[in-house]
Amino acid sequence: MVAVEDMTRQPSPQVTFKKRHSLVARWELQRATLAWGLALGLGYSAGCGSSANPSGVGATGNQGDDGGSSQENMDDASSSGSSSGSASSSGSGASGSGSSGGQVDAGHPDAGQMDATEPEDSGIVGAGDAGGVCPAPSGITSQQTTALQIVNQTRAAMGSPCATMVAALNTSSTKHCAYYAANASNMTCVADPHTEVSGCTDFVAADFGTRETDAGYTGQPSSEVMAFDDNPTSALGQWLDSVYHRSPLLDPWTRDLGYGNGAGCDTMDFGVGAMASANLVVAYPYDGQTGVVTSFNGALEGPTPPVPPNGWPSGVPIHVFMQATSITLTTDEFGVDGGAQLAHQELMPQTSSGYLQNALVLYGNAPLAAQTTYRVHVAGTRQTQSFTGTSSSSFDVNFTFTTQ
């Protein structure tokens with residue numbers, strides 16, 4: 001089984017308000033039931049909500065295929081947040097506002113500039129990650145080594161800076177699994193897998209942010225994900241094959257993590273960690289990736305992503321990570337490389353009811369074809385809000401991947 005929680009706090013120590021949503025999910029994979037949840041902090045407060053589709057999400061294109069097999073079970077509980085703006089439909093249009101920039105091949109070290117006035121670092125492994133080699137600390141368990149390797153091998157391949165395994169986050173993760181394992185049969189204690197209840201065995205603190213701090217973490221708590229397998233390989237595979245839960249694992253601006261496990265439990269705690277360039281743009285699947293799965297059953301994730309016209313399953317989710325509070329597309333193309341465009345769904349920060357941060361997500365209305373190369377080309381402007389105002393810059397991302 002699996003459970004996930006994610007909370008992100010604003011980087012300024014002066015900001016004490018937060019947005020939090022708990023995502024609880026159930027997966028069914030090889031006759032195993034998995035549940036997970038996620039919470040994100042953006043500066044508003046929210047509780048668990050329904051699994052209704054996020055409001056304001058636009059679909060591009062008007063034709064879809066059906067067929068294909070469903071994949072793993074996913075489900076998140078929701079929260080709401082301020083949402084505004086809209087996404088453009090498929091195809092290319094007039095250029096948007098903001099600085100002009102060159103095209104970026106996501107994940108390629110020789111990528112062009114994303115903005116004429118910004119450094120040429122889109123898709124480049126961050127400083128300290130030369131050659132994509134991410135160091136592992138000494139004194140960690142074999143399970144922690146496996147979890148860190150899976151995360152960092154994926155991040156390095158896509159051009160996202162290395163994550164750092166932090167001892168305090170290993171401690172908070174391990175203690176939370178101890179709590180969950182000790183109370184798994186008591187629904188009063190584990191009704192929300194991410195919230196510990198005072199008086200239950202091995203109670204540390206109600207929320208993961210406090211648990212991270214109590215374990216000695218001095219950074220900014222960011223997120224927590226849980227799986228109910230006691231197996232890091234299985235847990236990471238589930239989290240990576242999703243729409244809403246992939247982000248904390250691969251987000252270039254989430255750099256600290258820890259992993260703990262226990263009987264029927266896997267937990268990863270995250271913190272913001274080291275700075276990463278605000279100009280970085282990376283994608284997953286990454287440019288040139290092969291063996292990509294073809295389908296995704298969004299009915300098993302909650303909040304349920306926007307449903308394709310002919311229902312689930314859809315194509316595999318595609319993430320393009322960029323720092324943005326809102327994104328405006330002027331080019332929105334996804335299809336067989338050199339062939340037909342595919343009708344697809346899209347999610348952006350301002351159209352996802354707060355479930356996405358710093359990412360654009362696309363997925364085809366129907367499962368993708370096997371052993372086929374697909375091209376994604378998205379361009380437009382991204383807006384970022386800060387305490388000093390709103391800045392705008394252009395992006396142009398073009399990459400391919402091949403299905404299994």
Side-chain angles (χ1 to χ4, degrees), residues 2-9 11 36 38-39 125-181 194 204-205 208-240 245-262 265-277 280 282 284 321:
V2 182
V4 184
E5 180 168 343
D6 171 0
M7 178 181 73
T8 301
R9 297 179 178 177
W36 36 303
L38 175 70
V125 176
D129 303 335
V133 177
C134 301
S138 60
I140 61 176
T141 68
S142 60
Q143 293 93 338
Q144 288 165 345
T145 299
T146 296
L148 182 62
Q149 286 178 339
I150 293 172
V151 170
N152 273 339
Q153 285 171 359
T154 306
R155 291 172 72 102
M158 61 184 279
S160 191
C162 291
T164 299
M165 181 161 275
V166 178
L169 298 181
N170 284 340
T171 298
S172 62
S173 298
T174 300
K175 285 186 174 182
H176 187 54
C177 267
Y179 170 90
Y180 184 86
H194 321 292
V204 176
F208 77 84
T210 303
R211 293 193 295 269
E212 291 185 15
T213 302
D214 287 350
Y217 182 60
T218 58
Q220 295 171 351
S222 172
S223 54
E224 178 180 87
V225 296
M226 292 180 64
F228 304 117
D229 291 332
D230 192 6
N231 184 320
T233 302
S234 176
L236 265 297
Q238 295 155 32
W239 297 329
L240 286 170
H245 295 80
R246 180 187 286 167
S247 291
L249 302 174
L250 305 182
D251 179 5
W253 303 280
T254 300
R255 302 284 301 274
D256 286 350
L257 62 77
Y259 171 84
N261 62 296
C265 179
D266 308 82
T267 298
M268 291 192 79
D269 282 345
F270 298 85
V272 173
M275 296 291 291
S277 171
L280 192 64
V282 293
Y284 187 85
F321 292 94

If you measure from CE on Met268 to CG on Leu148, what distance do you get to the nearest 0.5 Å? 7.5 Å
Ala163 versus Asn152, closest heavy-atom pair with distance: N-OD1, 2.7 Å
Is Ser172 reaching over with its side chain to a backbone N or O of Ala215, donor-acceptor style, under 3.5 angstrom? no
CD of Gln220 to CG of Asp256, rounded to nearest 0.5 Å, is 10.0 Å
How long is the gap from SG on Cys177 to OH on Tyr259, to the nearest 0.5 Å? 7.0 Å
Which residues share a ring pair (Phe, Tyr, Trp, His ring centres under 6.0 Å) with Phe321, sequence neighbours left out: His319
So OH of Tyr180 and CG of Asp266: to nearest 0.5 Å the spacing works out to 11.0 Å
Between Thr171 and Tyr217, does a side chain to side chain contact (heavy atoms under 4.5 Å, CB included) hold up when you go through it step by step? CA-CA 9 Å; Thr171 298; Tyr217 182 60; over 6 Å; no
Report yes if some heavy atom in the side chain of Glu212 is under 4.5 Å from a heavy atom in the side chain of Leu169; otherwise report no. yes
State whether a side-chain donor-acceptor pair under 3.5 Å links Thr254 with Asp251. yes
Is the backbone of Val272 close enough, under 3.5 Å, to the side chain of Arg255 for a donor and an acceptor to pair up by distance? no
Before you tell me yes or no, could you show the steps for Leu249 and Thr154 under side chain to side chain contact (heavy atoms under 4.5 Å, CB included), namely the whole-Å CA-CA distance, both residues' side-chain angles and the distance that decides it to 0.1 Å? CA-CA 9 Å; Leu249 302 174; Thr154 306; over 6 Å; no
Quick check against the 3.5 Å criterion: does Ser173 have a side-chain atom that pairs as donor or acceptor with the backbone of Asp269? yes
Testing Asp230, Thr174, Asn231 one by one against Asn261 for a side-chain hydrogen bond (donor to acceptor under 3.5 Å, both in side chains), which residue passes? Asp230
Using 0.5 Å steps for rounding, measure from the NZ atom of Lys175 to the CG atom of Asn170. 12.5 Å
Non-hydrogen side-chain atoms of Pro248 and Val225 separated by less than 4.5 Å: yes
For Arg155 and Pro252, which heavy atoms make the closest approach, and how far apart are they? NH2-CA, 3.8 Å
Could you check whether any side-chain N or O of Trp253 sits under 3.5 Å from a backbone N or O of Ser277, counting only pairs where one atom can act as donor and the other as acceptor? yes
Of all heavy-atom pairs linking Val282 and Gly159, the shortest is CG1-O, 3.4 Å
Interatomic spacing from CG in Asp229 to CG in Leu236 - rounded to 0.5 Å: 11.0 Å
Can you check whether Ala205's main-chain N or O pairs, donor with acceptor, with Arg211's side chain at less than 3.5 Å? yes
